[in-house]
Amino acid sequence: MNASRLDVLGLFDHEYDDDGWRTCSVTGLEIHSSTENYAKLFGLTAVVALLVGGLFAITVPLTRWELVGLLEPADFYIHLSMHAWNLLIFWMVFMEISILYVGGPLVLGRKLPITTVAKAGWGTMVAGAVLVNYAIWTTTPPDQAPLLTAYAPLPSAPLFYVGAVVFLLGATIAALPFFLSMWQEKRENPGKTLPLVAFGAFVTSIIAVQAILGGLAVFTYALLWRVEIISSIDASVYRHVYWIVGHGTQQINLVAMITVWYFLTHVVGGAEVVSEKVSRTAFILYLFFINLGAAHHLLSEPVVELGWRLFNTSYAFYGAAFASMIHAFAIPAGLEAGRRKRGKGGGLFGWLTSAPWHNPVFSSVVLSVILFGFIGGITGVVMGQLQLNMTWQNTFATVGHFHGTVVLGTTFAFMGLILFLLQTSFDRKLALPRLASLWPYLFASTMGITALMMMYVGLLYGVPRRVAEVVENIPGTEFNLVAAAPLFNVFGVFAMLAVVSGALFLVIALATLLFGKRNGDGEAAERLLPDGTLKPEGGASDPVHAYEMRGTFVLTLVFMGVFVVTWALNWYLLSQLWSIGL
Amino acid sequence: MTSPIDPPEGDWWSESVNRRETIWLGIAGVWSLFLFSWMSGWVRAGDQNPTGDTYEISPEQFREKVDQYKEAAEETDGGYVPADEHVYIAGQRFQWDGLPAVLETGTQYQFHFSSYDVQHATNIRPEHNLSAQMNFDILPGYEWIVPMTFDEPGEYHVICSEFCGDGHRSMHGTFTVVDDE
Ligand code: HEM
Ligand SMILES: [Cu+2]
Ligand SMILES: [Cu+2]
């Protein structure tokens with residue numbers, strides 16, 4: 001296929017044959033240009049949203065750092081809303097559509113069917129995103145900036161609800177080609193098992209459908225109320241339905257991220273799947289239980305019944321937390337056993353020390369696994385315990401938790417995926433290769449400390465989230481939380497460093513697209529593949545589960561230790577409170 | 001090779017699972033069940049639970065109840081001294097109606113929470129220990145009655161911890177807990 005004349009940057013060309021196919025020199029996959037080009041289109045659009053939302057990662061922390069105190073409240077809330085919608089919704093969902101196309105038709109070696117529908121979905125999503133941005137930016141009283149949640153009956157601009165509905169419809173349309181190609185695959189190859197990555201993408205898509213239905217319902221409900229077609233809105237019903245999408249999108253982020261983990265640790269690290277049965281069962285547990293957890297956002301409020309809160313916040317007796325702990329073992333174990341099998345594994349941690357840490361795709365994905373687990377995952381389970389939630393709800397600690405999940409986990413993994421696609425699908429050498437090798441460590445350390453500081457100010461000083469001023473001064477009273485100011489200084493400095501690291505990623509990505517040299521023959525494979533080859537010697541006669549997993553076992557025990565200690569400390573803190581409740 | 005981008009070969013369901021992975025599954029499973037048991041056990045045996053009775057109520061009705069409460073209470077310099085063990089706190093942009101109040105240690109109070117307008121949240125803590133804090137979401141249309149007993153005297157601060165409009169940061173109230181002689 002010839003690239004379009006409009007494509008002056010050569011973003012969409014590659015060495016395809018006359019029918020539009022090419023063999024990827026890195027993964028060995030047969031890739032059709034239709035699938036690849038749409039995956040690129042959605043990925044590039046996501047990066048634009050990352051840039052827009054990222055700009056507000058400057059102004060929001062500089063306001064919360066009251067030493068600087070950048071913005072007045074009304075502006076602060078507008079900026080915070082722009083931050084949340086562009087990053088948590090637009091950056092992630094555009095990426096996730098791209099991941100569906102990669103995990104589905106691309107991995108399965110299929111053309112993308114009904115590309116006009118993909119195009120229409122893209123256009124609708126862009127229109128929705130533009131509308132939401134416009135509505136937030138032009139918020140005027142009596143409307144208030146929506147933040148992420150737009151909690152009724154606090155009114156947001158009518159166009160905001162319209163934009164949200166349009167965006168969700170667009171995402172549904174954009175997912176249709178994926179569903180169709182899965183269905184075609186199943187029909188043409190009955191009885192053939194999907195590769196694990198395609199299976200993960202499929203589970204993601206099912207969870208997404210549930211989330212989108214909730215989102216369409218809640219924003220339509222709020223819109224009808226806002227334009228006064230219905231006269232009142234029930235705050236509790238709103239919260240319930242809102243969290244189907246608010247929580248559901250986080251679970252899409254989680255499952256898509258784990259799919260990317262399996263994909264990239266394999267391709268660039270040499271990981272294998274140590275047990276198809278166990279990993280797939282974990283995905284199935286997600287399918288059943290993970291969207292349940294929506295009530296963990298409703299724990300410290302009046303309306304939800306106790307038994308339901310207990311059952312739901314625990315994803316049915318921690319069914320989904322159990323699934324996550326399964327992946328927490330399976331991912332590093334895949335790396336360990338896979339690398340041992342390649343003869344790269346001496347001693348307890350030889351498989352790790354010999355790993356390609358200079359390859360930013362590898363390091364960002366592995367750091368994402370570690371930081372998601374230790375910072376985002378543990379705190380998520382802790383704060384989701386019914387009673388502990390009282391000490392986390394609405395505090396800055398909550399913000400720390402989800403920057404541990406959606407930034408250090410998902411965003412980081414997606415950034416790694418983009419660095420991978422730049423070198424494969426976009427067929428370029430990374431510009432600024434030294435900086436690119438260093439970048440994941442900068443981002444991990446600065447953002448990691450930022451997230452920890454968020455949690456500390458939240459838990460140790462009870463600093464609330466979503467407020468422009470509370471530490472140095474609470475207007476109208478002598479009381480303040482100024483004891484938290486020193487930690488806020490650390491927070492402010494590291495948040496700015498994290499913004500700089502985030503910006504470096506964008507610089508590397510854009511410089512690569514604009515100035516990156518094309519890969520020569522076999523160069524991409526040489527640079528990206530562990531030991532220069534995807535498939536080492538040895539076949540079914542050399543099962544991977546028979547290799548040692550000692551190192552992983554030690555690491556997961558350390559993880560469990562940190563988990564237990566964090567959990568116990570939180571219960572200790574709670575038990576210091578006065579007596580509350582029945 | 002077992003690759004996540006190729007279909008698994010042969011009878012993958014019957015492949016055996018590494019011993020250490022099996023042990024980990026056991027540890028994770030036991031921990032999951034323990035977490036659940038602890039949480040539900042604390043509902044019965046623990047002292048801090050976000051539980052109480054809930055009633056639907058309109059903002060107007062709730063305002064009437066708060067007015068009656070304030071009338072029955074004794075008004076002192078420190079705030080309302082409730083006539084009985086019922087305490088009313090209503091969120092309203094941007095203040096807490098019913099506060100300030102003066103309470104005693106050791107008495108089990110029934111806190112009635114609701115809102116006159118939009119969603120708010122109570123972040124409650126004593127001045128002398130900033131980390132001893134807890135949060136409840138307060139919704140218009142619902143009255144939540146949560147028992148609370150204080151054992152430490154002091155000044156307690158109630159900060160609004162859910163965004164309720166541009167003046168949200170100034171929404172603050174107090175109550176004093178005094179030693180019961
Ligand atoms: C350098 C990177 C970042 C920094 C320094 C940063 C900082 C912050 C801060 C300080 C807040 C809390 C404000 C408050 O509650 O008062 C916040 C909120 C938030 N951030 Fe970030 N952030 C970053 C990146 C991201 C990314 C990549 C995402 C999503 C993928 C994200 C999603 C959110 C969300 C959803 C909120 C909550 C909005 C709300 O309360 O409705 N952030 N961020
Ligand atoms: Cu959730
Ligand atoms: Cu408020």
Side-chain angles (χ1 to χ4, degrees), chain A residues 73-74 107 144 147 151 153-154 192-193 195-197 235-236 262 266 272-273 275-277 300-303 306 310 314 317-318 321-322 325 329 385-387 390-391 393-394 460-462 464 466-469 474-477 479 535 540 544-545 549 553 556 574 576-582, chain B residues 1-9 12-13 15-18 20-21 24 27-29 32-33 35-36 39-40 42 47-52 54 118-119 121 123 125 130-137 139-142 144 146-151 157 159 161-163 165-166 168-170 172:
Chain A
V107 161
Q144 295 283 333
L147 309 187
Y151 277 147
L154 199 62
K192 194 164 131 198
T193 312
L196 185 62
V197 164
S236 167
Y262 277 109
H266 167 68
E272 298 194 19
V273 183
S275 169
E276 294 275 358
K277 172 166 71 178
S300 301
E301 66 158 71
V303 189
L306 175 66
L310 287 175
S314 66
F317 313 105
Y318 289 99
F322 179 57
M325 288 189 273
F329 188 96
Q385 292 233 286
L386 175 69
Q387 299 87 348
M390 287 188 283
T391 59
Q393 174 77 339
N394 303 336
L460 300 181
Y461 302 100
R466 295 183 159 179
V467 59
E469 194 178 19
I474 301 174
T477 165
F479 179 64
K535 296 195 180 333
V544 67
H545 62 77
M549 300 178 191
F553 193 61
T556 48
L574 177 81
Q576 300 303 299
L577 292 182
W578 55 96
S579 146
I580 301 164
L582 297 174
Chain B
M1 184 178 73
T2 53
S3 147
I5 55 176
D6 294 324
E9 290 155 25
W12 52 269
W13 185 261
E15 283 284 336
S16 51
V17 178
N18 182 287
R20 287 208 168 80
E21 184 163 30
W24 174 254
I27 296 175
S32 299
L33 292 175
L35 283 173
F36 184 83
M39 176 169 72
S40 47
W42 194 272
D47 252 352
Q48 294 84 12
N49 284 293
T51 48
T54 302
V118 298
Q119 299 189 26
N123 171 284
R125 79 186 80 203
L130 296 184
S131 70
Q133 51 88 32
M134 50 78 60
N135 295 267
F136 281 147
D137 295 312
L139 312 189
Y142 296 90
W144 198 11
V146 185
M148 294 206 223
T149 314
F150 298 89
D151 28 76
H157 293 269
I159 299 177
S161 63
E162 183 54 87
F163 174 56
D166 289 341
H168 163 59
R169 68 190 165 140
S170 62
H172 163 268

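In what follows, chains are A, B, ... by sequence order, proteins preceding strands, each numbered from 1. Predicted, not measured: the structure shown is a model, and the values here were computed from it.
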S.K.: Answer whether the closest heavy-atom distance between the side chains of B:His168 and A:Pro73 falls below 4.5 Å.
M.R.: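 They are not in side-chain contact.
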S.K.: So which residue, A:Thr391, A:Thr193, A:Val467, ends up with the most heavy-atom pairs under 4.5 Å with chain B?
M.R.: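 Counting heavy-atom pairs under 4.5 Å, the top option is A:Thr193.
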S.K.: Got A:Trp578 and B:Met134 here, is their nearest side-chain heavy-atom distance under 4.5 Å?
M.R.: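 Yes, at least one pair of side-chain atoms sits under 4.5 Å.
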S.K.: Which label fits A:Tyr318 and B:Phe36: parallel for a plane angle under 30°, tilted from 30 to 60°, or perpendicular past 60°?
M.R.: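 Plane angle over 60°, so perpendicular.
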S.K.: Determine yes or no for a side-chain-to-main-chain donor-acceptor pair under 3.5 angstrom, with A:Gln387 supplying the side chain and B:Met39 the backbone.
M.R.: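 Checking the backbone N and O of B:Met39 against the side chain of A:Gln387, a donor-acceptor pair under 3.5 Å is found.
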S.K.: Measure from the side-chain N and O atoms of B:Arg125 to the backbone N and O of A:Gly462, and report whether any donor-acceptor pair falls under 3.5 Å.
M.R.: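 Confirmed, B:Arg125 side chain pairs with A:Gly462 backbone.
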S.K.: Looking at A:Lys192, A:His266, A:Arg466, which has the largest count of heavy-atom pairs under 4.5 Å with chain B?
M.R.: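 Going by pairs under 4.5 Å, I would pick A:His266.
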S.K.: Does A:Pro153 offer a backbone N or O that forms a donor-acceptor pair with the side chain of B:Gln119 under 3.5 Å?
M.R.: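 No, B:Gln119 side chain to A:Pro153 backbone: no donor-acceptor pair under 3.5 Å.
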S.K.: Among B:Val17, B:Leu33, B:Asp6, B:Asp137, which residue forms the greatest number of heavy-atom pairs with chain A at distances under 4.5 Å?
M.R.: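 So the answer, after comparing B:Val17, B:Leu33, B:Asp6, B:Asp137, is B:Asp137.
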S.K.: If I take atom CG from residue B:Asp47 and atom CG from residue A:Leu574, how far apart are they, to the nearest 0.5 angstrom?
M.R.: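 Result: 9.5 Å between the selected atoms.
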S.K.: At a 4.5 Å cut-off on heavy atoms, which part of A:Val107 comes close to chain B: side chain, backbone, both, or neither?
M.R.: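 The answer is both parts of A:Val107.
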S.K.: Are any non-hydrogen side-chain atoms of A:Leu386 and B:Pro50 less than 4.5 angstrom apart?
M.R.: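 The answer is yes; the side chains approach within 4.5 Å.
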S.K.: Within the side chain of B:Thr2, is there an N or O that forms a donor-acceptor pair under 3.5 Å with the backbone of A:Val273?
M.R.: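 The answer is yes, because a donor-acceptor pair under 3.5 Å joins these two groups.
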S.K.: Heavy-atom distance under 4.5 Å between the side chains of A:Gln385 and B:Trp42, does that happen here?
M.R.: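 A side-chain contact under 4.5 Å is absent here.
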S.K.: Would you say the side chain of A:Ile474 lies within less than 4.5 Å of the side chain of B:Ile159, judging by non-hydrogen atoms?
M.R.: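 Contact flag for B:Ile159/A:Ile474 side chains = yes.
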S.K.: Do you know which of B:Ser170, B:Gly52, B:Pro8 has the most heavy-atom pairs with chain A at a distance under 4.5 angstrom?
M.R.: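 Max contact count across the listed options: B:Pro8.
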S.K.: When rounded to the nearest 0.5 angstrom, what distance separates CD1 in A:Ile580 from OG1 in B:Thr149?
M.R.: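 OG1 of B:Thr149 is found 9.5 Å from CD1 of A:Ile580.
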S.K.: Measure from the side-chain N and O atoms of A:Gln144 to the backbone N and O of B:Gly165, and report whether any donor-acceptor pair falls under 3.5 Å.
M.R.: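 Not a single qualifying donor-acceptor pair exists.
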S.K.: Can a donor-acceptor pair be found, under 3.5 Å and without considering hydrogens, that links the side chain of B:Gln48 to the backbone of A:Leu577?
M.R.: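 A pair under 3.5 Å: yes.
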S.K.: Quick check on B:Asn123 against chain A: is it the side chain, the backbone, both or neither that has a heavy atom closer than 4.5 Å?
M.R.: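 Only the side chain of B:Asn123 comes within 4.5 Å of chain A.
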S.K.: Taking the side chain from B:Thr54 and the backbone from A:Pro302, do they hold a donor-acceptor pair closer than 3.5 Å?
M.R.: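 At least one qualifying donor-acceptor pair exists.
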S.K.: Based on non-hydrogen pairs under 4.5 Å, which of B:Trp144, B:Tyr142, B:Phe150, B:Trp13 is most in contact with chain A?
M.R.: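 Counting heavy-atom pairs under 4.5 Å, the top option is B:Trp144.
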S.K.: Calculate, to the nearest 0.5 Å, the distance between atoms NZ and CH2 belonging to A:Lys277 and B:Trp12 respectively.
M.R.: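 So the gap between those two atoms works out to 9.5 Å.
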S.K.: Side chains of B:Arg169 and A:Pro475: does their closest heavy-atom pair fall under 4.5 Å?
M.R.: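 A side-chain contact exists here, since the closest heavy-atom pair is under 4.5 Å.
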S.K.: For A:Leu582, is there any backbone N or O sitting under 3.5 Å from a side-chain donor or acceptor partner on B:Thr51?
M.R.: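 Checked: pair present.
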S.K.: At what distance, to the nearest 0.5 angstrom, does CZ of A:Phe553 lie from CD1 of B:Ile27?
M.R.: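 Going from the CZ atom of A:Phe553 to the CD1 atom of B:Ile27 covers 4.5 Å.
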S.K.: Side chains of A:Ser300 and B:Asn135, heavy atoms from C-beta outward: is any pair under 4.5 Å?
M.R.: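 Counting from C-beta outward, A:Ser300 and B:Asn135 never come under 4.5 Å.
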S.K.: Counting N and O atoms only, with roles assigned by atom type, does the side chain of B:Trp24 sit under 3.5 Å from a partner on the main chain of A:Met325, one being a donor and the other an acceptor?
M.R.: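 The answer is yes, because a donor-acceptor pair under 3.5 Å joins these two groups.
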S.K.: Between NE2 of B:His157 and OG1 of A:Thr477, what distance do you get to the nearest 0.5 Å?
M.R.: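 Between atom NE2 of B:His157 and atom OG1 of A:Thr477 there are 6.0 Å.
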S.K.: Considering only heavy atoms, which portion of A:Leu310 lies under 4.5 Å from any heavy atom of chain B: side chain, backbone, both, or neither?
M.R.: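 Both parts, backbone and side chain.
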S.K.: Looking only at heavy atoms, which two atoms of B:Ser32 and A:Phe322 are closest? And how far apart?
M.R.: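 It is OG-CB, 3.7 Å.
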S.K.: Rounded at 0.5 Å granularity, tell me how far CG in A:Leu460 sits from CD in B:Gln133.
M.R.: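 Going from CG on A:Leu460 over to CD on B:Gln133, the span is 10.0 Å.
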S.K.: Looking at B:Val118, B:Ile5, B:Val146, B:Asp151, which has the largest count of heavy-atom pairs under 4.5 Å with chain A?
M.R.: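 The option with the most such pairs is B:Ile5.
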